[in-house]
Amino acid sequence: MPKDRWKGDIEQIKVLFNLHFNTWNKTLSIDKPFEFRWGKELTKRALSLLPLTLEAAIEQLCLKSEVIFLPFCYISGDPNPTNWGIRNNGELVLFDWERIGYASPAIDLAITIPSLGTLDKSLEFNIASTYVGFWKGVSIEFPYSIQELTEQIVIAKMWSALDFLVNNADTLEEDLLNLHITKINEKFKVEYPDLIKD
């Protein structure tokens with residue numbers, strides 16, 4: 001997928017909407033679906049990698065993250081920009097389904113966003129607006145407003161960044177590891193300024 005389509009592509013969001021809508025409150029026959037959660041090990045390992053000043057902010061994010069793990073529908077689990085291709089007819093194709101599982105659409109929408117998203121949440125808001133718009137034309141009512149979904153996308157993006165960091169810290173080159181730590185630290189300072197102790 002071309003890099004100029006990496007930020008809130010409408011067709012990409014529609015593919016994800018179709019997956020979510022068609023599996024909403026349904027159980028599919030999938031062998032060992034991925035389990036989306038925030039386990040104690042994630043917090044422990046994150047605190048060992050990130051500055052101790054983030055402890056209260058990480059705990060707050062953990063509490064807020066419960067909403068993104070609600071089992072509304074099946075999600076791809078990893079629709080990051082590099083996992084998409086384009087058929088000869090122009091149709092988008094999503095690859096890499098090893099993390100398919102039951103959770104909130106916010107996780108899929110967050111993972112489509114490169115890096116840690118926008119500081120002013122403008123991209124997150126645009127994605128949420130487009131996505132909620134698709135729900136207006138169907139028989140099922142989406143349970144969240146655009147603003148609520150925007151906040152969930154931010155939470156899901158931060159959770160996925162921590163999850164990636166914790167699970168890849170031992171294999172990342174030192175410079176790349178330090179870059180991830182710096183970006184996550186900056187994001188927490190923007191999202192939870194009152195909880196960061198200098």
Side-chain angles (χ1 to χ4, degrees), residues 13 16-17 19-21 23-28 30 32-80 98-113 115-119 121 123-125 127-129 131-132 134-135 140-169 180 183-197:
I13 297 168
L16 294 173
F17 160 75
L19 168 65
H20 303 157
F21 171 70
T23 62
W24 199 260
N25 288 327
K26 294 179 182 173
T27 302
L28 300 182
I30 294 177
K32 296 181 182 176
F34 187 84
E35 185 180 349
F36 295 93
R37 62 189 179 89
W38 186 314
K40 291 179 182 177
E41 190 59 31
L42 175 61
T43 301
K44 181 181 175 183
R45 187 91 167 98
L47 290 173
S48 74
L49 293 166
L50 296 165
L52 289 175
T53 54
L54 296 183
E55 184 173 4
I58 289 172
E59 289 173 356
Q60 181 65 28
L61 179 65
C62 179
L63 290 173
K64 286 186 168 186
S65 73
E66 291 178 7
V67 69
I68 68 170
F69 305 120
L70 294 174
F72 287 119
C73 58
Y74 269 94
I75 65 170
S76 148
D78 195 13
N80 79 73
E98 67 182 35
R99 284 174 65 107
I100 188 169
Y102 231 10
S104 167
I107 294 176
D108 269 354
L109 297 173
I111 293 173
T112 66
I113 299 171
S115 191
L116 278 167
T118 55
L119 295 179
K121 303 179 188 176
L123 177 57
E124 293 82 346
F125 181 82
I127 289 171
S129 299
Y131 183 80
V132 170
F134 287 126
W135 282 92
I140 301 172
E141 185 176 344
F142 189 67
Y144 299 110
S145 68
I146 293 170
Q147 192 57 49
E148 288 169 329
L149 182 58
T150 300
E151 291 304 317
Q152 290 173 27
I153 291 170
V154 172
I155 291 166
K157 190 66 197 180
M158 293 177 75
W159 164 77
S160 69
L162 285 178
D163 186 62
F164 174 83
L165 178 68
V166 164
N167 288 307
N168 294 281
H180 281 291
K183 285 186 173 183
I184 291 172
N185 191 21
E186 290 170 356
K187 185 71 172 180
F188 269 105
K189 285 181 178 178
V190 170
E191 291 299 320
Y192 300 102
D194 298 338
L195 296 176
I196 308 295
K197 298 175 184 175

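The basis for the numbers below is simple: all heavy atoms, side chains too, and nothing from hydrogens, waters or symmetry mates.
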**Fill in**
Note: I146 and A128 closest approach over all heavy atoms is O-CB, 3.7 Å

**Message:** Less than 4.5 Å apart, side chain to side chain, heavy atoms only: is that true for R99 and F36?
**Reply:** yes

**Message:** Quick one: does any side-chain atom of D108 pair with a main-chain N or O of G77 as donor and acceptor, under 3.5 Å?
**Reply:** yes

**Asked** Counting N and O atoms only, with roles assigned by atom type, does the side chain of S115 sit under 3.5 Å from a partner on the main chain of G117, one being a donor and the other an acceptor?
**Response** no

**Message:** Check this for me, if you would: do E191 and K121 make a salt bridge, where the nitrogen-to-carboxylate-oxygen distance has to be below 4.0 angstrom?
**Reply:** yes

**Prompt:** Heavy-atom distance under 4.5 Å between the side chains of F72 and P143, does that happen here?
**Reply:** yes

**Message:** Quick check on L63: does its CG atom have over 12 non-hydrogen neighbours (other residues, nucleotides or ligands) under 6.0 Å away?
**Reply:** yes

**Request:** Can you establish whether the number of heavy atoms outside E59 located under 6.0 Å from its atom CD is more than 12?
**Result:** yes

**Message:** Using 0.5 Å steps for rounding, measure from the NZ atom of K187 to the CD1 atom of I184.
**Reply:** 11.0 Å

**Prompt:** Salt bridge or not for E124 and K157, using N-O below 4.0 Å?
**Reply:** no

**Message:** For the CG atom of L162 and the CG atom of L47, what is their distance to the nearest 0.5 Å?
**Reply:** 9.5 Å

**Prompt:** Say you draw a straight line from CD1 of I75 to CG of L16; how long is it, rounded to the nearest 0.5 Å?
**Reply:** 9.5 Å

**Request:** To the nearest 0.5 Å, tell me how far L54 CG sits from F188 CZ.
**Result:** 6.0 Å

**Request:** Identify the two heavy atoms, one from D163 and one from N167, that lie closest to each other, and give their separation to 0.1 Å.
**Result:** O-ND2, 2.9 Å

**Request:** Give the C-alpha distance, both sets of side-chain angles, the deciding distance and a yes or no for side-chain contact (heavy atoms from CB on, under 4.5 Å) between I107 and W159.
**Result:** CA-CA 9 Å; I107 294 176; W159 164 77; 4.0 Å; yes

**Asked** Do the side chain of E148 and the main chain of S145 share a donor and acceptor less than 3.5 angstrom apart?
**Response** yes

**Complete:** One should read off an interatomic distance between L149 CG and I127 CD1, to the nearest 0.5 angstrom, of 9.5 Å

**Prompt:** Would I196 and N185 satisfy side-chain contact (heavy atoms from CB on, under 4.5 Å), going step by step from the backbone distance to the final call?
**Reply:** CA-CA 10 Å; I196 308 295; N185 191 21; 5.7 Å; no

**Request:** Output the distance between atom SG (C73) and atom CD1 (I140), rounded to the nearest 0.5 Å.
**Result:** 9.5 Å

**Steps toward side-chain contact (heavy atoms from CB on, under 4.5 Å) verdict (K64, Y192)** = CA-CA 12 Å; K64 286 186 168 186; Y192 300 102; 3.5 Å; yes

**Asked** Cationic tip of R37 within the cone over F69's six-membered ring, i.e. under 6.0 Å and within 45° of the normal?
**Response** no

**Item:** Nearest non-hydrogen partners of I153 and A110, listed with the distance
**Value:** O-CB, 3.4 Å

**Pairwise side-chain contact, P105 with W24, heavy-atom cut-off 4.5 Å (strictly under)** = yes

**Request:** Check for a donor-acceptor pair, side chain of N168 on one end and backbone N or O of F164 on the other, with a separation under 3.5 Å.
**Result:** yes

**Prompt:** Is the Y144 ring parallel, tilted or perpendicular to the F142 ring (thresholds 30°, 60°)?
**Reply:** perpendicular

**Request:** Could you please spell out the steps behind the side-chain contact (heavy atoms from CB on, under 4.5 Å) verdict for W38 and L61?
**Result:** CA-CA 10 Å; W38 186 314; L61 179 65; 3.7 Å; yes

**Fill in**
Heavy atoms of A106 and I68 approach each other most closely as CB-CG2, 4.3 Å

**Asked** Between the side chains of H20 and Y74, is a donor N or O closer than 3.5 angstrom to an acceptor N or O?
**Response** no

